[in-house]
> 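Handing you this structure, nothing more for now.
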Amino acid sequence: MAKLPKRREDYSAWYNELVKTADLAENSDVRGCMVIKPYGFSIWEKMQQELDKRFKETGHSNAYFPLFIPKSYLSKEASHVEGFAKECAVVTHYRLKNDPNGGGVIVDPDAKLEEELIVRPTSETIIWNTYKNWIQSYRDLPILVNQWANVVRWEMRTRLFLRTTEFLWQEGHTAHATQAEAEIEAKQMLEVYADFAENILALPVIKGVKTTNERFAGAIDTYCIEAMMQDGKALQAGTSHFLGQNFAKAFDCKFTSKENKIEFVWGTSWGVSTRLMGALIMAHSDDEGLVLPPNLAPIQVVIVPIYKTEEQLNAITEKVNIWKSELVKKGISVKFDSRDTQSTGWKFAEYELKGVPVRVAIGPRDLENNTCEVARRDTKEKTSISADNLVHHIEVLLPEIQKNIFQKAFDFRKKQTHNVNTWDEFKDAITNKIGFISAHWDGTSETEEKIKEATKATIRCIPIDNIQETGKCVFTGNPSKERVIFALNY
RNA sequence: CGGGAAGUAGCGUAGUCUGGUAUCGCGCCAGCAUGGGGUGCUGGAGGUCGUGGGUUCGAAUCCCGCCUUUCCGACCA
């Protein structure tokens, strides 16, 4: 198997190769679309499970809305259409026929759709058009719905997981009777995402609000969680939007309040996508391959036997079976890889590449001494422990690995977050350092644009729990009351 | 969508300038040895040279179109 490129030498190539060699995904024959392979998908499924559990706990139900959206719906909300029109796939016909000239199948010109359909880039429009029919009274509210779906955004430049033409995600869409309730919902889901990111993905995130420039097309406020990758670039890992009454107005979605007044419904939407796979990879993995946090690893522990004879394997298997059943009882996923088609060293390298958090090796010498060798993926430490103690050891070790992976990412982010106060310092940081820049900003889109033009850095977010401190905008010198996070981003 | 680079066996590549159907490594298959970090030796299988046209007696090689990947821009979760 080919060695991975080194992160330091070519971060981009390292990422691309890792995604493929670790069996996560590959390019398909359709431009910009990927095949998510079984191992990659099993990680995505773990993400889904954890998120879905949290959505249910916060009162949401899953539903499903169509893939196709009538073209006219998109244009009902002005800024929404502006944001998405340029990247929509459009269905114009519903039938093929044999080419009379013998060139295979062609689009049947007689099967033109009266109204063209777009493939959803997101579902606000069709959902609000549906909600309109569901809501008459304040008694019908709130509606708390989520859907797991695929969406299509016709991107010019794609990368596996980070930006693909078709991607998988969840989109929550809620409807509320009051502004306050909708705002609380949007913030609540941001908290859910942050909790998931930090505790499951082991990914430290900054919770923040987007500037006007970066806001979702159609939202009043866009909240986000931003994470730092190992190359110092920012990656938006999740967003939650307070939509105000924008979509309700666009789709005439009204209700009668307790006070017998007719009012527009307040809305939110929130989503995370398969992009999280990219975040996971780029935040933790190393030159040997994937590093998966235990809470997300499809296989948490792999046991590799070392043996020559059948008797040895039998003796090992007997021991391993006891371990396995005890570990499974504790909810730990274990794989015993006793294949004799691959060598021991090959297996070691393979499970490192795939990011399995803990590897246990047991051979004849261990059988004699009643020991086994435990290796952790995050630190590559190997220790020999008593075989009787293995189950307990792993039980303690997994959370420790989880914590360590988070801490490592946290320390890195801290080290690579630079407080700057002058434009010279800003330019120096953006060219000579990597990471986040925390700086004062005068609050105008104009300044943000100019900084972007000069440095390519954009405001990733205004942190929610920001310390209020007076200062001067790093670009214009105008007064500012808090620092914002600038960075290059994915 | 604009500019650069690339596409040869499952993967990575040589050959392209100077036209004569293809090199090497990994992987795959068989056998023997090996087995506590990608094991060694021997033998073997596997190729519409991305694709469609053109030039030529003859094209991986020269010319044109298209597709895909990649990097840089514009756009974006």
Side-chain angles (χ1 to χ4, degrees), chain A residues 1-5 10-13 15-17 20-21 23 26-34 82-88 103 121-122 150-171 193 210 213-217 219 222 224-227 234-241 269-279 288-289 304-309 312-313 316 338-353 359-369 371-373 375 380 382 384 452-453 456 458 460 489-490:
Chain A
M1 196 168 295
K3 280 245 163 86
L4 286 172
D10 192 341
Y11 194 79
S12 181
Y15 174 83
N16 293 338
E17 285 306 308
K20 287 178 205 162
T21 54
D23 260 344
E26 62 190 33
N27 284 302
S28 72
D29 281 351
V30 183
R31 182 198 177 95
C33 293
M34 64 179 165
E82 199 183 322
F84 287 108
K86 291 181 297 257
E87 50 188 35
C88 284
T122 179
N150 57 339
V151 287
V152 167
R153 295 183 187 173
W154 214 265
E155 300 289 349
M156 292 297 117
R157 205 170 158 184
T158 60
R159 287 187 81 187
L160 292 171
F161 289 121
L162 294 174
R163 179 166 294 110
T164 46
T165 301
E166 179 192 20
F167 58 94
L168 306 184
W169 76 348
Q170 57 70 216
E171 45 180 328
Y193 288 152
K210 287 290 188 189
N213 286 358
E214 302 282 328
R215 193 182 288 153
F216 173 74
T222 288
C224 62
I225 50 173
E226 294 284 332
L235 187 140
Q236 178 177 301
T239 50
S240 179
H241 315 291
S269 67
W270 28 274
V272 298
S273 72
T274 35
R275 184 177 230 211
L276 286 177
M277 294 288 291
E288 275 71 52
V304 178
I306 296 153
Y307 61 95
K308 285 182 197 170
T309 66
Q312 284 170 343
L313 178 61
I316 290 169
S338 60
R339 288 178 297 175
D340 64 357
T341 50
Q342 312 293 356
S343 73
T344 309
W346 189 92
K347 289 176 190 173
F348 285 6
E350 177 72 3
Y351 291 111
E352 261 161 28
L353 181 64
R359 182 189 70 227
V360 178
I362 174 165
R365 288 210 297 271
D366 292 304
L367 283 178
E368 265 173 47
N369 305 327
T371 57
C372 57
E373 183 195 77
K380 310 228 177 66
K382 289 194 277 196
S384 186
K452 186 183 177 182
E453 271 172 42
K456 290 185 189 171
T458 51
R460 299 326 305 150
N489 73 299
Y490 278 97

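Chain A is the first sequence line, chain B the second, and so forth, proteins listed ahead of strands; every chain is numbered from 1.
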> What is the distance, to the nearest angstrom, from the CD atom on A:Gln312 to the P atom on B:U34?
14 Å
> Which nucleotide wins on minimum distance to the side chain of A:Phe348, given the candidates B:G37, B:U70, B:A77?
B:G37
> So does A:Glu288 pair up with A:Lys380, basic N to acidic O under 4.0 Å?
yes
> Could one point to a donor on the side chain of A:Asp366 or the base of B:G36 with an acceptor on the other under 3.5 Å away?
yes
> Between A:Glu226 and A:Arg460, does any side-chain N to carboxylate O distance fall below 4.0 Å?
yes
> Out of B:G37, B:G36, B:A77, which nucleotide sits closest to the side chain of A:Ala349?
B:G37
> Using the P atom as the reference point in each nucleotide, state the distance between B:U56 and B:G12 in Å, no decimals.
36 Å
> Look through every strand shown and name the nucleotide pairing with B:U16 as Watson-Crick or G-U wobble, where both distances are under 3.5 Å.
none
> Look at A:Arg31 together with A:Glu155 and state whether they make a salt bridge at an N to O cut-off of under 4.0 Å.
no
> Check the phosphate of B:A77 against A:Asn489, side-chain N and O only, distance under 4.0 Å to OP1 or OP2. Yes or no?
no
> Within the 4.0 Å heavy-atom criterion, would you say A:Glu352 contacts the bases, only the backbone, or no part of the nucleic acid?
base
> At under 4.0 Å between heavy atoms, what does A:Lys380 touch on the DNA or RNA strands: base, sugar-phosphate, or nothing?
nothing
> Any donor-acceptor pair under 3.5 Å between the side chain of A:Glu373 and the base of B:G36?
no
> May I have the distance from A:Arg157 (atom CZ) to B:G4 (atom P), rounded to whole angstrom?
15 Å
> Can you check whether A:Trp169 and A:Phe167 have ring centres sitting under 6.0 Å from each other?
yes
> Between A:Ala13 and A:Leu162, which residue's closest nucleotide on RNA chain B lies nearer the 5′ terminus?
A:Ala13
> Does A:Ser343 make a side-chain N or O approach to OP1 or OP2 of B:U34 shorter than 4.0 Å?
no
> By the 4.0 Å heavy-atom rule, please label A:Phe167 as base, sugar-phosphate, or nothing.
base
> May I ask which nucleotide in the shown strands pairs with B:C1, Watson-Crick or G-U wobble, both distances under 3.5 Å?
B:G73
> Taking the same atom, C1', in B:G47 and in B:C11, what whole-Å distance lies between them?
14 Å
> To the nearest Å, give me how far apart NZ (A:Lys20) and C1' (B:G10) are.
14 Å
> If you measure from the P atom in B:G46 to the same atom in B:C24, how many Å do you get, rounded?
16 Å
> If you find the nucleotide of RNA chain B closest to A:Phe216 and the one closest to A:Thr158, which residue's nucleotide is nearer the 5' end?
A:Thr158
> Which of these nucleotides, B:A77, B:G37, B:A74, is closest to any side-chain atom of A:Gln236?
B:A77
> Does the structure show a Watson-Crick or G-U wobble partner for B:G31, both distances under 3.5 Å? Name it, or say none.
B:C41
> Counting just side-chain N and O atoms, does A:Arg159 come under 4.0 Å of either OP1 or OP2 of B:U69?
no
> Measuring only the P atom in each nucleotide, how far is B:C17 from B:A60? A whole number of Å is fine.
12 Å
> Take the protein atom CD of A:Glu26 and the nucleotide atom C1' of B:U68, then report the distance between them rounded to whole Å.
14 Å
> Output the rounded distance in Å from NZ (A:Lys308) to P (B:U39).
16 Å
> Answer with base, sugar-phosphate or nothing: what part of the nucleic acid does A:Thr122 contact at a heavy-atom distance below 4.0 Å?
nothing
> Nearest-Å distance, OH (A:Tyr15) to P (B:U69)?
15 Å
> When only distance counts, do a donor and an acceptor, one from the side chain of A:Lys347 and one from the base of B:G35, lie under 3.5 Å apart?
no
> Ignoring hydrogens and angles, state whether a donor on the side chain of A:Thr371 or A:Arg365 is under 3.5 Å from an acceptor on the partner side chain.
no
> Establish, from distance only, whether the side-chain atoms of A:His241 and A:Thr222 form a donor-acceptor pair under 3.5 Å.
yes
> May I ask you to evaluate whether A:Thr344 reaches the phosphate of B:G36, defined as a side-chain N or O under 4.0 Å from OP1 or OP2?
no
> Give one of base, sugar-phosphate or nothing for A:Gly32, where a contact means two heavy atoms less than 4.0 Å apart.
sugar-phosphate
> Nearest to the side chain of A:Thr164 - B:G38, B:A77, B:C71?
B:A77
> Which nucleotide, if any, forms a Watson-Crick or G-U wobble pair with B:G25, using both distances under 3.5 Å?
B:C11
> P atom, B:G65 versus B:G4: distance in rounded Å?
12 Å
> Are A:Glu166 and A:Arg153 ion-paired here, with the side-chain N under 4.0 Å from a carboxylate O?
no
> Of the nucleotides B:A77, B:G36, B:G37, which has the atom closest to the A:Arg153 side chain?
B:A77
> Using the C1' atoms only, state how far B:A30 lies from B:G15, rounded to an integer number of Å.
31 Å
> In the structure shown, which nucleotide is the Watson-Crick or G-U wobble counterpart of B:C66, with both distances under 3.5 Å?
B:G50
> Taking B:G43 as the reference, what is the distance to B:A5 when you measure between their C1' atoms (whole Å, please)?
40 Å
> For B:U68 and A:Arg31 - does any side-chain N or O of the residue sit under 4.0 Å from the phosphate oxygens OP1/OP2?
yes
> Would you kindly give the CD-to-P distance between A:Glu155 and B:U70, to the nearest whole Å?
14 Å
> Give the nucleotide from the list B:U69, B:A77, B:G36 with an atom nearest to the side chain of A:Asn27.
B:U69
> Evaluate the criterion side-chain contact (heavy atoms from CB on, under 4.5 Å) for residue pair A:Thr158 and A:Thr165; output intermediate values, then yes/no.
CA-CA 7 Å; A:Thr158 60; A:Thr165 301; 3.8 Å; yes
> For B:A60, which nucleotide is its Watson-Crick or G-U wobble mate, given both distances must be under 3.5 Å?
none
> Specify the separation, in whole Å, of atom CD of A:Glu17 and atom C1' of B:U69.
12 Å
> Look at the side chain of A:Glu350 and decide which nucleotide, out of B:G38, B:A74, B:U70, has an atom nearest to it.
B:G38
> What's the spacing between A:Tyr307 OH and A:Gln312 CD if we round to 0.5 Å?
10.0 Å
> Suppose you measure atom C1' in B:U51 against the same atom in B:A6; what distance do you get, rounded to whole Å?
15 Å
